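Here the structure is laid out as structure tokens; the discussion comes afterwards.
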Protein chains: 2
Amino acid sequence: MTTTEAPPGSLPGTARAARPQERTAQRRRAILDAATRVFGERGYNNGSLVEIAEIVGITHAGVLHHFGSKEQLLLAVLAHRDEVDIERLATQQRPVGAEFLSHLVATAQANTERSGIVQTYAVLAAESVTGDHPAQEFFRGRFAVLRGDVADALGLTVGAPASDERVVAAASAIIAVMDGLQVQWLLDAETVAMPDTLRFVIDAIVESLRRSVAATP
Amino acid sequence: MTTTEAPPGSLPGTARAARPQERTAQRRRAILDAATRVFGERGYNNGSLVEIAEIVGITHAGVLHHFGSKEQLLLAVLAHRDEVDIERLATQQRPVGAEFLSHLVATAQANTERSGIVQTYAVLAAESVTGDHPAQEFFRGRFAVLRGDVADALGLTVGAPASDERVVAAASAIIAVMDGLQVQWLLDAETVAMPDTLRFVIDAIVESLRRSVAATP
DNA sequence: GTCTATATCGTGATAGAC
DNA sequence: GTCTATCACGATATAGAC
């Protein structure tokens, strides 16, 4: 798709200037998709603008025209992935409590069919802890929000405030299992059963938490 | 320590040729330490031989003289870390069963005082899933061995064969929690309590496993 | 065993033509 | 909006002097 035909539905004669911002938006999205793939396959440091540009069918100068710098491109990739996720959550109303926890398992199940996204996330999250990585703030914030969401769901499920430190620790643990399993699965997909293992751990944690809260609320 | 004095205890006159292989071994160890630090702080791709050499007090050509290439240096770093761990395990006899699981918690506790090692491990493990990363085989094998060890300990603890798939899944999960918590902790040390959280999860998993095995052995 | 010097390459970024 | 051309920089690796 490197030709420059008019967008479908546009009138002849008005084609070129009709919706320039629309074609630009398409290009940007194509670049974002390519960048997501490359950063996932090679990491941020090792991924190159030239490779991203080649996938889209332009030169690396074209990529920089749209995003200014490699760093801004990375942040756009991460923001874009969040937007997509939010859209999906907005369509169906957001699950709460135990349903939210089941939703995590369903996500793990879905992830077994899209190793690209999983790898992008896993590689960039770990890479972000180095030096002054551009995505460091992003992931710090992301984990904080995620811990809050999982703690809310756990609190609702076991009947304890989400601020209870045992609940918060359990939330950290569930997120940690998801991330840790992803790395193991990426290295050895046949041995590691992500969704089943996650289901098992969540059940074990909820059960243990329930007991603990019942004993000393 | 960039001077070239004779090793302590060597006789005058025989100093220079006395134990050349010993000084070389010291140099190699110094390079390994520096490389461990740099690869941890910056990742493998982003870490540079020049920076490693500067820490040791030589040029990057000197580093290459000892290790041949950057890739071989990385593999030497990983092998060296394993040797150190094995030595420590060989000194005290290896803990088994529930004691081995407690040993994992103790390790997590010790890790809170050495973020450098933790970061090296976390960053390299995730980076290793990319493309044809030189450490990919190393980490694949490492996870396999680790899963086996934890499964052995779990099997002994709950009275089930280590080959039981529920036991293996539980072993994957425990390793995943350790790794996932490390990333969260590196990004936000104040919020994430590694050892306590790990203890909680291991207890929950063991308890759940015990129940499951008792129901259907 | 370590140095200096150099080869070779790839990177991100900029400038200006079209 | 995308191109070509070029820049400045840093990387790994090699060759040869000392």
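On a predicted model such as this, the values are computed, not experimentally measured, just so you know. Each chain gets a letter, A, B and so on, in the order its sequence line appears, and its residues count up from 1.
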Summarise protein proximity over nucleotides 12-18 of chain C in one line of letters, 5' to 3': B for base, S for sugar-phosphate only, - for none, counting protein heavy atoms closer than 4.0 Å. SBB----
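Taking B/D152 as the reference, nothing meets the salt bridge (charged side-chain N to carboxylate O under 4.0 Å, His left out) condition, with sequence neighbours excluded. Every residue was checked against the salt bridge (charged side-chain N to carboxylate O under 4.0 Å, His left out) condition with A/E99, not counting sequence neighbours, and none meets it. Partners of B/R94 by salt bridge (charged side-chain N to carboxylate O under 4.0 Å, His left out), not counting sequence neighbours, listed by chain and number: B/D149. Qualifying side-chain hydrogen bond (donor to acceptor under 3.5 Å, both in side chains) partners for B/R42, counting only residues two or more places apart in sequence or in other chains: B/E51.
To the nearest angstrom, P of C/dG1 lies 13 Å from CD of B/Q26. Nucleotide C/dT2 holds its C1' atom 15 Å from the CZ atom of B/F67, rounded to whole Å. In this structure, the CZ atom of A/R27 is 7 Å from the P atom of D/dC3, given to the nearest Å. Atom CD1 of A/I31 and atom P of D/dT2 are 7 Å apart (whole Å). Summarising the geometry, the separation between CZ on B/F39 and C1' on D/dA11 is reported as 13 Å, rounded to the nearest angstrom.
A 4.5 Å side-chain heavy-atom check between B/R28 and B/I31 finds every atom pair outside the cut-off.
A sub-4.0 Å separation between OP1 or OP2 of C/dC3 and a side-chain N or O of B/T59 is present.
Where B/H65 and A/N46 each meet DNA chain C at their nearest nucleotide, the meeting point lying more 5' is that of B/H65.
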Can you give each donor-acceptor pair under 3.5 Å made by side-chain atoms of residues 77-84 of chain A, sequence neighbours left out, with the distance rounded to 0.1 Å?
from	atom 1	to	atom 2	distance (Å)
A/R81	NH1	A/D85	OD2	3.3
A/D82	OD1	A/R142	NH1	2.7

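Picking from C/dT2, C/dG1, D/dG1 the nucleotide with the shortest atom distance to the side chain of A/H66 gives D/dG1.
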